[in-house]
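Let me begin by presenting the structure, written as C-alpha cells, before commenting on it.
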Amino acid sequence: KVAAMASAQPMLSKFETKSARVKGLAFHKSRPWILASLHNGTIQLWDYRMGTLLERFDEHDGPVRGIDFHSDQPLFVSGGDDYKVKVWNYKVKRCLFTLLGHLDYIRTTIFHRENPWIISASDDQTIRIWNWQARTCICVMTGHNHYVMCADFHPKEDLVVSGSLDQ
C-alpha cells in the first residue's frame with residue numbers, strides 16, 4: 001500500500017497495488033508523482049493527487065528496492081535483486097540502459113543532485129558510484145563486512161554516507 005499524508009493530518013489519499021510489498025518510494029520534484037518499486041519486480045508511476053496509476057515498468061527480474069527520480073531530466077534510476085542498476089526515461093516509457101557490476105542485491109540507487117552520478121549500495125558489501133552519462137562505474141567503495149543497506153551523497157560536500165548490517 002502507498003499512502004500520501006501531511007504532517008499531523010489525516011491521510012490525504014490512499015491507493016493500492018496488487019503487490020503485497022512496496023520496497024521503495026520516490027517523489028518527483030515538481031510533478032504530483034510517486035514511483036513505487038515493488039517486490040514483484042514492477043515499478044509503478046502514480047499520480048498521487050488523482051490516485052491513478054500512470055505507467056508500469058517491468059524489466060527487472062525480481063524485487064526492485066532502490067528508486068529515485070532525477071532532479072532535472074525525465075529520468076529515474078532503479079536497482080534490484082537482479083544485481084542491475086537501470087536508468088529509465090519516463091517520457092519514452094522505457095529503460096535506456098543497464099549498469100552491471102554488483103554481485104548481489106542492490107538496496108539503494110540515488111542520483112547526485114549536480115553531477116551525472118548515481119550511487120548504489122548492495123548486499124555485495126560495496127557502494128558504487130556510476131557516471132550515468134558515460135555509463136561506467138567510476139568508484140567502488142569497500143570497507144563494510146556485511147550487506148550495505150543504504151547510501152547517499154551529501155547535498156553540498158564531496159561526502160558519502162552509508163549504512164550496513166556490520167556488527
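Because only heavy atoms are used, hydrogens play no part in the values below, and waters and symmetry mates are left out as well, while side chains stay in. In this chain, residues are counted from 1 in sequence order.
- In the hydrophobic cluster analysis, where Ile, Leu, Val, Met, Phe, Trp and Tyr join through side-chain heavy atoms closer than 4.5 angstrom, Leu96 is grouped together with Val85.
- Among Lys86, His60, Glu59, the single residue meeting the side chain to side chain donor-acceptor pair (under 3.5 Å) criterion with Thr98 is Lys86.
- Linking ILVMFWY residues whenever their side-chain heavy atoms come closer than 4.5 Å, directly or via other members, places Trp33 and Phe76 in the same cluster.
- Side-chain contact check for Asp72 versus Phe111: every heavy-atom pair is 4.5 Å or farther apart.
- No side-chain heavy atom of Phe153 sits less than 4.5 Å from a side-chain heavy atom of Asn115.
- Nearest heavy atoms, Ile106 versus Thr109: CG2-CG2, 3.8 Å.
- Here Leu165 contributes atom CG and Gln125 contributes atom CD; the two are 10.0 Å apart, rounded to the nearest 0.5 Å.
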Quick one: side chains of residues 138-152, donor-acceptor pairs under 3.5 Å with protein atoms, not counting sequence neighbours, listed by atom name and distance.
{"residue": "His144", "atom": "ND1", "partner": "Asp166", "partner atom": "OD2", "Å": "2.6"}
{"residue": "His144", "atom": "NE2", "partner": "Ser162", "partner atom": "OG", "Å": "2.7"}

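- Annotation: the span from Leu38 atom CG to Arg21 atom CZ amounts to 11.0 Å, rounded to 0.5 Å.
- For an aromatic pair to be called close, the ring centres must be under 6.0 Å apart, and Tyr48 with Phe27 satisfies this.
- A single hydrophobic cluster is not seen to contain both Ile67 and Trp132; linkage of ILVMFWY side chains at heavy-atom distances under 4.5 Å, directly or through other members, places them apart.
- To the nearest 0.5 Å, atom NE2 of residue His102 and atom NZ of residue Lys84 are 14.0 Å apart.
- Side-chain contact between Ser120 and Trp130 is present, with heavy atoms from C-beta onward closer than 4.5 Å.
- Put simply, the side chain of Val77 does not reach to within 4.5 Å of the side chain of Leu99, judged on heavy atoms.
- Within a 6.0 Å sphere centred on CD of Glu55, other residues, nucleotides and ligands contribute more than 12 heavy atoms.
- The aromatic rings of Tyr83 and Tyr105 are tilted relative to each other, their planes meeting at an angle between 30° and 60°.
- In this structure, the side chains of Arg113 and Pro155 come closer than 4.5 Å at one or more pairs of heavy atoms.
- Hydrophobic clustering, with ILVMFWY side chains joined whenever heavy atoms are under 4.5 angstrom apart, groups Ile119 together with Trp117.
- Looking at Ile43 and Trp88, their side chains come closer than 4.5 Å, going by heavy atoms from C-beta outward.
- Taken from CG in Asp81 to CG in Asp61, the straight-line distance is 10.5 Å, to the nearest 0.5 Å.
- Atom CG of residue Asp68 and atom CG of residue Leu25 lie 11.5 Å apart, to the nearest 0.5 angstrom.
- Leu54 is connected to Phe69 through a chain of hydrophobic side-chain contacts under 4.5 Å among Ile, Leu, Val, Met, Phe, Trp and Tyr, so both are in one cluster.
- Atom CG of Asp123 and atom CG of Asp104 lie 4.5 Å apart (nearest 0.5 Å).
- Between Arg31 and Asp47 there is no salt bridge, since no side-chain N of the basic residue sits under 4.0 Å from a carboxylate O of the acidic one.
- In this structure, the side chains of Asn89 and Arg94 stay at 4.5 Å or more apart for every pair of heavy atoms.
- The shortest non-hydrogen separation linking Ser78 to Val64 is CB-CG1, 3.9 Å.
- Residues Tyr90 and Leu35 are not in side-chain contact: their nearest non-hydrogen atoms beyond the backbone lie 4.5 Å or more apart.
- In this structure a side-chain-to-backbone donor-acceptor pair under 3.5 Å is missing from Ser37 to Gly66.
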